[in-house]
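Input: a single structure, listed below in structure tokens.
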Amino acid sequence: MGASAAKRIEPGFHQEAIEKMPREELEALQLHRLAATVDVVKQNVPAFSERLAKVDTPTSLDGIRDIPFTKKTDLRDNYPFGLFAVPRHEVKRVHASSGTTGKPTVVGYTAEDLTMWAQCVARCLRGAGIEPGWMLHNAYGYGLFTGGLGLHAGAEEAGISVVPVSGGNTERQLMLIEDFAPESICCTPSYALTLAEHLPGENSLQVGVLGAEPWSELMREQIEEKLSMIAVNIYGLSEVIGPGVACETADRQGLVVMEDHFYPEVVHPETGEVLDDGEVGVLVLTSLTKQAFPILRYWTGDLCSLTREPSPCGRTHARISSIVGRSDDMIVIRGVNVYPSQVEHALLGVDLAAPHFRLVVTREGTLDNLTVEVEPVEGAGTVDDIGARLSGSVSDALRSSLGIGVAVTVAEPGSLPRSEGGKLSRVDDRRTL
Ligand code: DLL
């Protein structure tokens, strides 16, 4: 039984009046909130005062174009709390994700931020067709990653009962799904495929809310077919809030952006110029209500297009397409962001390793795998002599900096690609998405 044969799932609402707000009213609200956010950042974030000194409080939404982009490096440069706009005692929670070096990028939330976030995720879950009173098997990781706790709070806000299983231990996950019979699940799409290999097609699941990594329509078809449920795409990033910035509804007609809280733009990857609706470029997001860590024009690096046409279900907020790629070299392995620069950083700490490496990304079965190829430093010995010791030290260094285990292979000295003047791609992506 494929998803098409399953019961038709209808999109619901969590804050219907806001989700269907006429665009004119929505845009007036956005402008009001944007102006307030710009003023707060100018006043309360000294690290940005110079950069924003010449920026006037916007009097139209197009005025946002005068504001410089915020990039991941800004978070790194102000690690850990330098971009927060409230005193530390008002920060009720922090989360973090991988940065471009060994240090994570840290984000913070006030009590009101946490409420707003939960409401956004509740809209996602209800829009995906999950009903209050249903059960949600939450297999996103709990911890510094925003996935587990973000989905958890959203489910509770929507009156959905949560099984906070977190990631890992597939056998136990399968047992709990069989025994508890949840109607819905959230996890990465690659993990949904792993579960699908073991779960019978006849199962309790009706809706999956999947994201945190790129996935294709082909993968959606496989997941829907094998698990007999609909698979809905949820998008978000910790810098902006976490999961729940945008999400498809059960119609699966693009990801609805929670536009009363996040202002989306799509810009040219090289010039930064704002593109017309429908054109593919880098998604740039501005938070409109966040208190602890307001963020202006955050350069997500994610490539997609935008439409402001109303959705079939009556939602008026803009929608983005699925993410079609990234403008930088970040890769996402099992929901964890990995930058080549992080690997480089970790290798620097390993005496026997040369500074040459390559990341090979493959898809074995349903899970993405990362293999790091390294070379011994000159004069350290042959691969036969020191290969095992080198790969052991590199594995340990990578596990502690990335937080995930990756395979390491040792190549002959001089065999890995060297830059020949131009940009050297250190990533060999062998997945067929
Ligand atoms: O991945 C938040 C999240 C958790 C989203 C659970 C959805 C579900 P970060 O760890 O900060 O946050 O990673 C953010 O992951 O810039 C994208 O490159 C990628 N990403 C997230 N969702 C999607 C998606 C969470 N639906 C980075 N499709 C983002 C493609 C996604 N890429």
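Indexing begins at 1, ligand by ligand and atom by atom, following the structure's order. Position 1 is the first residue of the sequence; numbering continues from there.
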C313 versus D251, closest heavy-atom pair with distance: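 The pair with the smallest heavy-atom distance is CB-OD2, 3.6 Å.
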Contact summary for L136 and A155, nearest pair of heavy atoms: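 So the two residues come closest at CD2-CB, 3.9 Å.
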Sorted by chain and number, the residues that approach ligand 1 to under 4.0 Å with a heavy atom: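 Under the 4.0 Å cut-off, ligand 1 touches S97, Y140, F145, T146, G147, G211, A212, E213, P214, N233, I234, Y235, G236, L237, S238, E239, P243, D302, I323, R326, M330, N337.
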Which residues share a ring-ring contact (aromatic ring centres under 6.0 Å, His included) with Y109, sequence neighbours left out: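 With neighbours one apart ignored, the set is H95, W117.
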For Y142, ring-ring contact (aromatic ring centres under 6.0 Å, His included) partners two or more places apart: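 Scan of Y142 (ring-ring contact (aromatic ring centres under 6.0 Å, His included), adjacent residues dropped) gives H152.
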Residues D396 and S393: side-chain donor-acceptor under 3.5 angstrom: no
Residues forming a salt bridge (Lys or Arg N to Asp or Glu O under 4.0 Å) with E221, sequence neighbours excluded: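 E221 satisfies salt bridge (Lys or Arg N to Asp or Glu O under 4.0 Å) with no other residue.
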